[in-house]
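What follows is a set of notes on a single structure, which appears directly below.
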Amino acid sequence: RKEVEQDPGPFNVPEGATVAFNCTYSNSASQSFFWYRQDCRKEPKLLMSVYSSGNEDGRFTAQLNRASQYISLLIRDSKLSDSATYLCVVNPLSGGYNKLIFGAGTRLAVHP
Amino acid sequence: GAGVSQSPSNKVTEKGKDVELRCDPISGHTALYWYRQSLGQGLEFLIYFQGNSAPDKSGLPSDRFSAERTGGSVSTLTIQRTQQEDSAVYLCASRPGQINQPQHFGDGTRLSIL
């Protein structure tokens, strides 16, 4: 089993739609979680951290479910510019190292 | 402030040659990571430096790959006797030493082996 798993998609949605991605992680001791966004042929950029109580940043909401070991990202009122690959990132804190583990990404395509 | 800087942006070289890729992390960031990403694929972890600790080299695909980080700042990733399968974008990221801090990526070096 991979340490971090994501549905690769693609998720094809119309503008204005609400879309949600889940990401599961295998290490129950994982302490920190992030969502990154990667545009085609660009480097990953931090979208938002994920806090235990859940957090919101504009149209984006991130949630953590420790019992089921998954995090989610909800995008409301999708824009064309939201089209990208969304990477789930987990810090398992194993072996004393802060090595972030990246999922393979979920591709989102927003169409007019 | 300055972000993570990588050079060169693009590198084209012949099979069998050695290449050196450079990463200049954000000032004060003690952790530095190297990844590579082939077209349409996810990030592949290569190596991780944290302060003065021994690096985590568990992701290096072969002994042709090596990396060093001098003075806790600039890092160099070296690929010896390059092969065509080494063609990829090589990404460097840095982060502060504190737990729960995210990584910040450079623009990457696009390596093409002919």
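So that the names make sense, note that chain A is the first sequence line, chain B the second, and so on, each numbered from 1. Since the model is a prediction, treat every value here as computed from it, not as a measurement.
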In terms of side-chain heavy atoms, does B:Gln37 have a donor or acceptor partner in A:Gln38 at a distance below 3.5 Å?
yes
* Asked: Would you say the side chains of B:Glu20 and B:Thr76 form a donor-acceptor pair under 3.5 Å?
  -> no
Short side-chain donor-acceptor distance under 3.5 Å, B:Gln50 and B:Thr30
yes
Is there a donor-acceptor contact under 3.5 Å from the side chain of A:Gln69 to the main chain of A:Ser26? yes
Under 4.5 Å to a heavy atom of chain B? For A:Arg41 that would be both
Chain B shares the most heavy-atom pairs under 4.5 Å, among A:Gly105, A:Gly103, A:Pro44, A:Ser49, with A:Pro44
Okay, B:Phe45 and chain A: the region with an atom under 4.5 Å from a heavy atom over there is side chain
Whatever's closer than 4.5 Å to a heavy atom in chain B on A:Tyr36 counts as side chain
